[in-house]
Every structure is written in structure tokens, then in C-alpha cells.
Amino acid sequence: MARILSIDYGKKRTGLAVTDPLQIIAGGLTTVATHTLFDFLKDYISKESVELIVVGEPKQTNGMPSENLARVMHFVNRWRKLYPNVPMQLYDERYTSVLAHQTILDSGLRKKARQKKALVDEISATIILQSYLESKRK
């Protein structure tokens with residue numbers, strides 16, 4: 001079975017997470033500079049079988065699109081044009097950054113480790129993917 005990959009797309013950094021081959025659990029993959037994301041994904045899918053890419057859809061708490069949505073849609077549309085055989089699906093990412101910060105606090109990491117923004121992005125991508133998996137099981 002192929003993996004599902006998730007993206008927490010940001011202006012500077014993008015967090016990535018991926019499922020195990022049986023698509024049971026999500027795990028953090030890495031954080032990359034956003035300007036290298038396309039190349040990273042091309043390389044990753046050449047080595048791993050990926051069935052779907054779930055992209056966090058940035059919304060404000062009231063459900064309206066956030067300012068990052070235009071950047072996300074530009075990326076998604078570019079990907080869909082060049083790689084139609086690996087579909088992308090948007091998934092609501094509201095509150096994932098808050099949950100990621102709380103997860104880091106609860107983990108007991110030291111202050112210096114908690115300040116790494118890349119870790120927040122990777123955990124956010126993991127939360128997006130785990131939430132997506134749970135929604136599909138229902």
C-alpha cells in the first residue's frame with residue numbers, strides 16, 4: 001500500500017509528515033525551506049510510493065481563508081498540472097499550530113528545543129495527517 005504525505009505549507013518553512021505503508025499512523029518526516037519543497041517532493045515520490053498528498057488549508061478561526069491560502073493554491077495548482085498522477089487534497093488546518101505548540105510543551109522538551117520553529121511545522125503536518133486519517137475512518 002502507498003503512503004499518504006501531508007504538508008503544512010508556510011511562507012518560509014514547510015512541515016512534512018507521512019503515514020506508514022499501511023496508512024495507520026502519521027509520523028513527522030521533516031521541515032524544508034519552502035522554496036525547496038517542489039524538488040524535495042519530486043525526489044521523495046521517486047523513492048517512495050505516495051498515493052495522496054494532503055495539504056493543510058489555511059483558514060481563520062471564523063472559517064474564512066487566511067492570507068496564506070493564495071500561496072498554498074499556487075503551489076497546489078502547479079503540482080496538479082505537473083504531477084496529476086499524485087493527487088493533492090486540501091484539509092482544514094485550523095488550530096494545528098496551537099496543538100503543535102501544546103504538544104511540544106507537554107513533551108517536556110527544554111526551552112531551547114521548544115523554540116525551534118521547524119519542529120512546530122513538522123508536528124503541525126503530523127497533526128493534519130493524523131486528523132485526516134481519523135476523518136477517513138469514520
**Q** Nearest 0.5 angstrom please: Gln130 CD to Ile123 CD1, how far?
**A**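 Spacing of CD (Gln130) from CD1 (Ile123) equals 13.5 Å.
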**Q** Counting distance only, does the side-chain N/O of Asp8 pair as donor-acceptor with the main-chain N or O of Ile128 below 3.5 Å?
**A** no
**Q** Answer with yes or no whether the hydrophobic clustering places Ile45 together with Leu82; edges join I, L, V, M, F, W, Y residues whose side-chain heavy atoms lie under 4.5 Å apart.
**A** yes
**Q** Sorted by first residue and then second, give each ring pair (Phe, Tyr, Trp, His ring centres under 6.0 Å) pair with at least one member in residues 43-67; sequence neighbours left out.
**A** none
**Q** Among all residues two or more places apart in sequence or in another chain, which pass the ring-ring contact (aromatic ring centres under 6.0 Å, His included) test with Phe38?
**A**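 Here the qualifying residues are Phe75, Trp79.
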**Q** Are any non-hydrogen side-chain atoms of Ser6 and Tyr132 less than 4.5 angstrom apart?
**A**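 Of all side-chain heavy-atom pairs linking Tyr132 with Ser6, none is under 4.5 Å.
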**Q** When hydrophobic residues are tied together by side-chain contacts of less than 4.5 Å, even through go-betweens, does Val50 share a cluster with Tyr9?
**A**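 Yes.
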**Q** What is the distance from atom CD of Glu57 to atom CD of Gln89, rounded to the nearest 0.5 Å?
**A** 10.0 Å
**Q** With Thr19, which residues qualify under side-chain hydrogen bond (donor to acceptor under 3.5 Å, both in side chains), at least two apart?
**A**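 In terms of side-chain hydrogen bond (donor to acceptor under 3.5 Å, both in side chains), with neighbours along the sequence ignored, Thr19 is linked to no residue.
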**Q** Measure the spacing between CG of Leu37 and NZ of Lys42 and express it to the nearest 0.5 Å.
**A**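 Separation between the atoms: 11.0 Å.
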**Q** Are Val86 and Val55 connected in the hydrophobic side-chain network, where two residues link if heavy atoms are under 4.5 Å apart?
**A**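 Yes, because Val86 and Val55 connect within a single hydrophobic cluster, where side-chain heavy atoms sit under 4.5 Å apart.
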**Q** Using a cut-off of 6.0 Å, state whether more than 12 heavy atoms not belonging to Arg78 lie near its atom CZ.
**A**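 No.
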**Q** Please step through side chain to side chain contact (heavy atoms under 4.5 Å, CB included) for the pair Val72 and Leu90, ending with a clear verdict.
**A** CA-CA 9 Å; Val72 170; Leu90 294 173; 4.1 Å; yes
**Q** Give me the atom names and distance for the closest heavy-atom approach of Arg3 to Gln23.
**A** C-NE2, 4.2 Å
**Q** Decide whether Tyr91 and Val18 are clustered together by the hydrophobic rule: side chain heavy atoms of Ile, Leu, Val, Met, Phe, Trp, Tyr closer than 4.5 Å, transitively.
**A**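 As far as the 4.5 Å side-chain criterion goes, Val18 and Tyr91 are not connected within one cluster.
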**Q** With a 4.5 Å cut-off on side-chain heavy-atom distances among I, L, V, M, F, W and Y, is there a chain of contacts connecting Met73 to Tyr83?
**A** yes
**Q** How long is the gap from CG on Leu29 to CG on Leu129, to the nearest 0.5 Å?
**A**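 One finds 10.5 Å between CG of Leu29 and CG of Leu129.
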**Q** Give, for atom CG of Asn77 and atom CE of Met88, the distance between the pair rounded to the nearest 0.5 Å.
**A** 10.0 Å
**Q** At what distance, to the nearest 0.5 angstrom, does OG of Ser46 lie from CG of Leu41?
**A** 11.0 Å
**Q** Within the 4.5 Å heavy-atom criterion, are Val54 and Leu5 side-chain neighbours or not?
**A**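 Val54 vs Leu5: side chains apart.
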**Q** Which heavy atom of Thr30 sits nearest a heavy atom of Glu122, and at what distance?
**A**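 Looking at all heavy atoms of both residues, the closest pair is CA-OE1, 3.5 Å.
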**Q** Compare every heavy atom of Gly56 with every heavy atom of Pro58, then report the nearest pair and how far apart it is.
**A**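 Minimum heavy-atom separation between Pro58 and Gly56: CD-O, 3.3 Å.
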**Q** Quick one, Lys136 and Leu133 - any side-chain contact, counting heavy atoms below 4.5 Å?
**A** no
**Q** Work out which heavy atom in Glu51 is nearest to a heavy atom in Pro87; give both atom names and the distance.
**A** O-CD, 3.3 Å
**Q** Which heavy atom of Asp121 sits nearest to which heavy atom of Thr14, and what is that distance?
**A** CB-C, 4.5 Å
